[in-house]
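Just so it is clear, the structure is predicted and the values come from calculations on it, not from any experiment. A note on names: the letters A, B, ... follow the listed sequences, proteins ahead of strands, and every chain is numbered from 1.
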Number of protein chains: 2
Amino acid sequence: MSTPPDAPEGERLNRAGGPGSPGSGAGEPAVVRPGRVTITDVARAAGVSVATVSKVVNGRYGVAQATASRVLEVVDQLGYESSLVARSLRRRRTNVIGVLVAEFEPFSTELLKAISKAVEGTGYELLAYSGGGDTSDRVGWERRSLSRLGGTLIDGAVIVTPTVQVPMNESVPVVAIDPHTGPTGPATVDSDSLAGARLATEHLIKLGHTRIGHLGGRRDLESARLRELGYRQAMSDAGLTVDPSLVLTGGYRPDLSDRPAHELLDRPDRPTAVFAANDLSALHVVEVAQELGLRVPEDLSVVGYDDVPEAAAAQPPLTTVAQPLHEMGAEALRMVIALIDSEAPRTGHHTRLPTRLVERASTAPPRAG
Amino acid sequence: MSTPPDAPEGERLNRAGGPGSPGSGAGEPAVVRPGRVTITDVARAAGVSVATVSKVVNGRYGVAQATASRVLEVVDQLGYESSLVARSLRRRRTNVIGVLVAEFEPFSTELLKAISKAVEGTGYELLAYSGGGDTSDRVGWERRSLSRLGGTLIDGAVIVTPTVQVPMNESVPVVAIDPHTGPTGPATVDSDSLAGARLATEHLIKLGHTRIGHLGGRRDLESARLRELGYRQAMSDAGLTVDPSLVLTGGYRPDLSDRPAHELLDRPDRPTAVFAANDLSALHVVEVAQELGLRVPEDLSVVGYDDVPEAAAAQPPLTTVAQPLHEMGAEALRMVIALIDSEAPRTGHHTRLPTRLVERASTAPPRAG
DNA sequence: ATGAAAGCGCTAACAT
DNA sequence: ATGTTAGCGCTTTCAT
């Protein structure tokens with residue numbers, strides 16, 4: 001909330017003449033009126049106390065059959081539904097799991113789809129919150145989001161690509177996907193970035209490339225470090241040297257990849273292939289190449305990482321390292337739920353899943369010469 | 001919350017020994033401890049009242065410089081962040097906009113991406129809530145979600161494919177995307193389904209198909225009705241008759257499309273082409289066809305609707321009718337914000353955007369004979 | 001069986 | 001400049 005429009009306090013003033021006002025007699029039928037129907041409205045209309053309504057709604061014992069049905073009827077008629085906010089302030093449990101992301105982009109939404117599918121039948125509901133908002137707080141958004149929602153509103157959280165080490169003693173159990181640090185701190189789920197990066201780089205080497213660039217990911221993420229390491233290992237194993245000017249950072253984002261992509265391609269001794277740390281930046285490299293009049297894959301081979309739907313949909317379809325995003329999301333959900341259910345120590349479980357290379361049309365042997 | 005795991009009241013019992021307990025002296029540095037840091041903790045540690053902390057945090061006037069900085073320091077040290085829940089219960093405004101969906105699938109997440117991009121720089125944050133959860137309440141989830149979040153937590157909502165007419169006199173402004181009804185009721189954004197469906201069907205007719213099936217969408221949605229109508233109009237305009245047994249319903253969902261897809265394809269007089277009401281069901285038709293040993297597009301042409309990334313990523317890439325999903329999301333966001341800012345009548349604005357045909361590899365002329 | 005009252009964390013009048 | 005108080009909508013003792 002760095003730069004809120006912030007109504008200077010004028011606030012909206014509905015409810016005027018609402019059910020709570022002196023004018024409206026008790027038991028009046030639902031008239032057209034603004035504002036939420038609260039438990040008080042129901043109580044008034046049913047001629048009972050709010051406590052009784054609460055008991056009925058929550059199926060507690062100690063309410064007469066007749067009273068209960070009358071209340072239920074009013075609830076139905078008024079379309080009452082308890083406020084998640086008020087309830088969660090009072091209760092300890094909301095049966096809502098939060099998915100905290102910096103931004104809704106292909107990677108996080110793919111995970112969201114997976115988690116959404118996995119949550120069916122668990123009795124939990126999903127609340128995805130994007131708190132990365134303004135660029136100012138690109139870092140530390142997860143702590144903010146967690147503080148704002150945790151303890152109330154959500155029973156646990158799955159955090160996607162946190163910018164910092166998530167403190168373990170949070171108010172609610174937390175599982176991080178593609179975490180800041182490696183296997184330490186809170187529970188994490190990720191894929192084998194080192195092996196994946198080797199897969200990608202070896203693929204390019206096998207095709208005959210020797211001058212291979214790397215567009216790195218977000219410096220703060222373990223995954224980015226491992227992908228660069230895997231690239232370097234594969235190069236060195238093949239007896240190839242890495243030209244330092246060919247290793248740049250794209251921050252996993254298209255906008256941040258623009259300059260480095262130009263730097264990589266807009267020169268006579270440009271690489272014949274680029275391994276980018278994720279699909280979004282790889283796709284941007286392809287775009288820049290095409291703007292520069294280079295054909296992909298004839299003049300430039302590009303490999304990405306993630307295998308989001310956009311990779312396969314691109315022109316040409318992107319060769320990439322597939323992360324098992326659906327398994328990762330499902331696993332993360334399973335882990336938070338386990339943490340919520342058992343008041344177990346919120347530590348240590350780290351799941352790392354394997355990756356595989358998906359060869360598509362953005363890679364080919366370098367042109368002779 | 002149809003079938004919650006529901007801790008029978010045992011609840012979690014952290015906070016024991018927390019900052020609020022008698023044991024912890026005021027001003028103690030942040031010790032390892034469970035539970036959220038509340039405004040009370042900050043007040044205690046800073047030696048001021050909670051009201052003062054609130055004023056400082058919210059930048060209100062009437063606090064001495066010295067006090068303010070001391071409080072801020074404690075806030076920083078303790079990592080305090082106000083609870084969205086508590087705050088929104090008290091305030092009228094949260095600067096959070098809700099995106100209400102039944103489920104996170106390609107269509108809703110694509111809109112989410114668009115809205116996320118559009119929200120940048122507006123000062124609002126996004127909260128996506130999936131309340132469709134259990135199949136039992138596949139209908140009416142939006143009313144439930146709106147009631148649970150509205151009035152508190154969110155200042156306005158974008159509802160994706162509601163199952164019912166969203167009541168206009170809700171607690172917060174609402175814009176519906178792909179609404180239940182046509183241009184009536186609350187503000188809506190959609191695409192021109194009638195024209196889109198004609199585009200799809202005419203494309204198949206132009207290729208030479210005459211026996212064309214239609215896999216319809218969700219009966220309750222205006223868009224589904226219009227797509228069927230467009231299909232029928234195009235057929236009739238071309239002088240082709242519609243075989244009633246070739247018009248079935250897939251509910252926009254792969255799982256619900258399975259039976260009708262088999263019904264369509266597992267027969268000697270099967271159609272040579274199918275127009276499905278959205279990409280997900282079209283993709284499922286392709287799958288079923290391939291299971292049945294039919295080649296797409298040689299033995300069967302398939303056209304979808306939406307143009308989600310999955311359509312282009314499919315094998316073969318799906319010919320489809322593209323909705324301008326990004327414009328639609330951005331437009332919906334603009335509309336809710338406008339409604340929030342001006343206490344204008346929450347009615348009537350309806351934006352309908354054009355569609356276009358995207359020809360890919362899932363359609364071809366029928367085989368001779 | 002029912003209701004009165006306290007309190008969850010916070011903000012906003014209203015004292016002081 | 002600061003603190004006190006009331007109350008947002010709800011759940012939950014605890015009386016009655």
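In this structure, I39(B) places its CD1 atom 8 Å from C1' of dT11(C), rounding to the nearest Å. Rounded to whole Å, the distance from CG on N58(B) to C1' on dC10(C) is 9 Å. Distance CG (L153(A)) to C1' (dG9(C)): 13 Å, rounded to an integer number of Å. Between the CZ atom of R44(A) and the C1' atom of dC10(D) there is a distance of 15 Å, rounded to whole Å.
A sub-4.0 Å separation between OP1 or OP2 of dA12(C) and a side-chain N or O of R60(B) is present. Dashed line: the shortest gap from a side-chain N or O of S54(A) to OP1 or OP2 of dT11(D) is under 4.0 Å.
Taking 4.5 Å as the limit, every side-chain heavy atom of E125(B) sits out of range of all side-chain heavy atoms of L127(B). Taking 4.5 Å as the limit, some side-chain heavy atom of D220(A) sits within range of a side-chain heavy atom of H180(A). Counting heavy atoms from C-beta on, the side chains of L112(A) and V101(A) never come closer than 4.5 Å.
Side chains of T163(A) and E142(A): a donor on one and an acceptor on the other come within 3.5 Å.
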Less than 3.5 Å apart, which donor and acceptor atoms pair up between the side chains of residues 46-57 of chain A and the rest of the protein, not counting sequence neighbours?
| from | atom 1 | to | atom 2 | distance (Å) |
| --- | --- | --- | --- | --- |
| S49(A) | OG | A51(A) | N | 3.4 |
| S49(A) | OG | T52(A) | N | 3.3 |
| S49(A) | OG | T52(A) | OG1 | 3.2 |
| S54(A) | OG | N58(A) | ND2 | 3.4 |

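A side chain to side chain donor-acceptor pair (under 3.5 Å) check over residues 66-76 of chain B, counting only residues at least two apart or in different chains, returns nothing.
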Exercise. Just by protein heavy atoms under 4.0 Å, how would nucleotides 2-8 of chain C read 5' to 3' in B, S and -?
Worked result: BBB-BBB

